[in-house]
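What you see is a predicted model; the values in this text were computed from it and never measured. Naming convention: chains lettered A, B, ... in sequence-line order (proteins, then strands); numbering from 1 in each chain.
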Protein chains: 2
Amino acid sequence: MVFKGQAEYSVDSKGRVSIPAKMRGVLNPEAQNTFTITRGFEECIFLYPLDQWAEIEEAIGALNMFNPDARTFVRAIMMWADEATLDGQGRVTISRPLLDFADVDGRALIIGAFDHIEIWDPDRFDEYMDQQPDDYETLAERVMNM
Amino acid sequence: MVFKGQAEYSVDSKGRVSIPAKMRGVLNPEAQNTFTITRGFEECIFLYPLDQWAEIEEAIGALNMFNPDARTFVRAIMMWADEATLDGQGRVTISRPLLDFADVDGRALIIGAFDHIEIWDPDRFDEYMDQQPDDYETLAERVMNM
DNA sequence: GGAGCACTCCCCACTTTTCCCCACGCATCT
DNA sequence: AGATGCGTGGGGAAAAGTGGGGAGTGCTCC
């Protein structure tokens, strides 16, 4: 189960976003057509299939809640988390707070990112890519040689 | 049973706060729709389902009461503790002293924090998050030691 | 010891939001 | 050219949040 590809779809007045059929097609049955959706890194939204999210929850549950940093992190990730099941048309509803957080409004860029799906405001994604100091080739060399 | 999500609800004149339906839905039957409510860390209110609280009581019971720090900690956590059962509308009543402690008045921010629920004054929560020296991405890298 | 007061708990009614279903238009494939 | 699959929009039913009222209980003061 690997998500790939991109699409720019609309976000309607109810906060609904279609998930590309290509990405729906690779979901495991265990995911039950349901995602855990939460804030991502760099101001985007993450969608994890339910089965994939279970591993992340396990890691969070192992944290020591008497550590202040751990508490801050757990609050920051869990407060944005929500479960959303695909409706009959293959869409998920994203809560207003999350859309505001990612500055998504009207149109959304949907990216397949291996084990999860990302939703970006199209303009914000362009800015993010422009800000990256290294080009694709340099990045590839550094990351893939680790 | 994992609590997640956020909501900003009202606190009425009787100190009642609605618990979001999403969070009520994940309660174990053993919790009997009842929470142990006590002071939290960083000036908020903690709500532990009854079954989850049992584990904390066990840990407290194992403390060495001949240690002065242990005695102070036990006093501080237990003196605020109270039990509250959901009413027919899915609300809990929070005692005036606890509301004063967390500076909650009028409106409350309710956060799912994995094994418990937290209730914050919205402004105070913003301040808390602003005070964090590290951003979300840095925190995640350190806490999850990825 | 009894009456009155205050508090708490439970129930009812209203308003808003959410969820689910149906219908349309466009593109693609046969 | 028709049929099928996919993205988009809207409406109605059900659930969720909010506020107020009334009965029962315990306390205090007379």
Side-chain angles (χ1 to χ4, degrees), chain A residues 3-27 32-37 45 47 50 79-100 104-112 117-122, chain B residues 3-27 32-37 45 47 50 81-100 104-112 117-122:
Chain A
F3 297 113
K4 26 178 176 290
Q6 59 170 308
E8 190 177 322
Y9 287 164
S10 69
V11 183
D12 67 20
S13 58
K14 298 178 181 178
R16 293 180 297 190
V17 184
S18 284
I19 301 301
K22 297 268 181 64
M23 300 186 194
R24 296 201 303 260
V26 299
L27 284 172
Q32 299 173 279
N33 278 342
T34 304
F35 295 90
T36 295
I37 160 172
I45 299 169
L47 273 70
L50 219 52
M79 72 178 285
W80 296 98
D82 193 8
E83 280 187 14
T85 303
L86 291 169
D87 68 9
Q89 281 65 45
R91 294 173 292 194
V92 291
T93 301
I94 300 177
S95 68
R96 190 64 48 189
L98 261 177
L99 289 174
D100 290 344
V104 172
D105 171 42
R107 297 201 64 77
L109 179 65
I110 298 140
I111 299 178
I117 297 171
E118 299 189 351
I119 295 181
W120 290 75
D121 175 68
Chain B
F3 297 113
K4 42 176 165 283
Q6 58 173 310
E8 190 177 324
Y9 287 164
S10 68
V11 183
D12 67 19
S13 56
K14 299 177 182 177
R16 295 180 297 188
V17 184
S18 284
I19 302 300
K22 296 264 180 68
M23 300 185 193
R24 296 200 304 262
V26 298
L27 283 173
Q32 299 173 280
N33 279 343
T34 304
F35 295 91
T36 296
I37 303 181
I45 301 169
L47 274 69
L50 221 51
D82 193 8
E83 281 188 14
T85 303
L86 291 169
D87 69 10
Q89 280 64 45
R91 294 174 291 196
V92 291
T93 301
I94 300 177
S95 69
R96 190 62 50 187
L98 264 176
L99 288 174
D100 290 344
V104 172
D105 171 43
R107 296 200 66 77
L109 180 66
I110 298 139
I111 297 178
I117 296 172
E118 301 187 350
I119 295 181
W120 290 74
D121 175 68

For residues 11-18 of chain B, please give each side-chain donor-acceptor pair under 3.5 Å, one per line with the distance, not counting sequence neighbours.
unit_1	atom_1	unit_2	atom_2	d
B/D12	OD1	B/K14	N	2.9
B/D12	OD1	B/G15	N	3.2
B/D12	OD1	B/R16	N	3.0
B/D12	OD2	B/R16	NE	2.7
B/D12	OD2	B/R16	NH2	3.0

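- Side-chain contact between A/I117 and A/F35 is present, with at least one heavy-atom pair separated by less than 4.5 Å.
- Applying the salt bridge (charged side-chain N to carboxylate O under 4.0 Å, His left out) criterion to B/E83, with sequence neighbours excluded, gives no partner residue.
- C/dT8 atom C1' lies 13 Å from atom CZ of B/R96, rounded to whole Å.
- B/R24 comes within 4.0 angstrom of the backbone, heavy atoms only, and of no base.
- In terms of the ring pair (Phe, Tyr, Trp, His ring centres under 6.0 Å) criterion, residue partners of A/W80 (sequence neighbours excluded) are, by chain and number, A/F101.
- Between the CD atom of A/E83 and the P atom of C/dT18 there is a distance of 17 Å, given to the nearest Å.
- Rounded to whole Å, atom P of D/dG17 lies 9 Å from atom CD1 of B/I110.
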Tell me, for nucleotides 24-30 of chain C in 5' to 3' order, what letter each nucleotide earns: B for a base near a protein heavy atom under 4.0 Å, S for only sugar-phosphate near one, - for neither?
-> -------

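- In terms of the side chain to side chain contact (heavy atoms under 4.5 Å, CB included) criterion, residue partners of B/A81 (sequence neighbours excluded) are, by chain and number, B/T36, B/T38.
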Would you tabulate the nitrogen or oxygen pairs shorter than 3.5 Å linking the protein to nucleotides 8-10 of chain D?
unit_1	atom_1	unit_2	atom_2	d
D/dT8	OP1	A/S10	N	3.4
D/dG9	OP2	A/S10	OG	3.3
D/dG9	N7	A/R91	NH1	2.9
D/dG9	O6	A/R91	NH2	2.8
D/dG10	N7	A/R16	NH2	3.0
D/dG10	O6	A/R16	NH1	2.6
D/dG10	O6	A/R16	NH2	3.3

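- Here A/A21 pairs with A/R24 under the side chain to side chain contact (heavy atoms under 4.5 Å, CB included) rule; sequence neighbours left out.
- Remark: C1' of D/dA16 and CG of B/D87 are 13 Å apart, rounded to the nearest angstrom.
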Side chains of residues 85-93 of chain A: which donor-acceptor partners sit under 3.5 Å, not counting sequence neighbours?
unit_1	atom_1	unit_2	atom_2	d
A/T85	OG1	A/T34	OG1	3.0
A/D87	OD1	A/Q89	N	2.8
A/D87	OD1	A/G90	N	3.1
A/D87	OD1	A/R91	N	2.9
A/D87	OD2	A/R91	NE	3.1
A/D87	OD2	A/R91	NH2	3.4

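- Evaluation of the salt bridge (charged side-chain N to carboxylate O under 4.0 Å, His left out) rule for B/K22 yields A/D82 as partners, not counting sequence neighbours.
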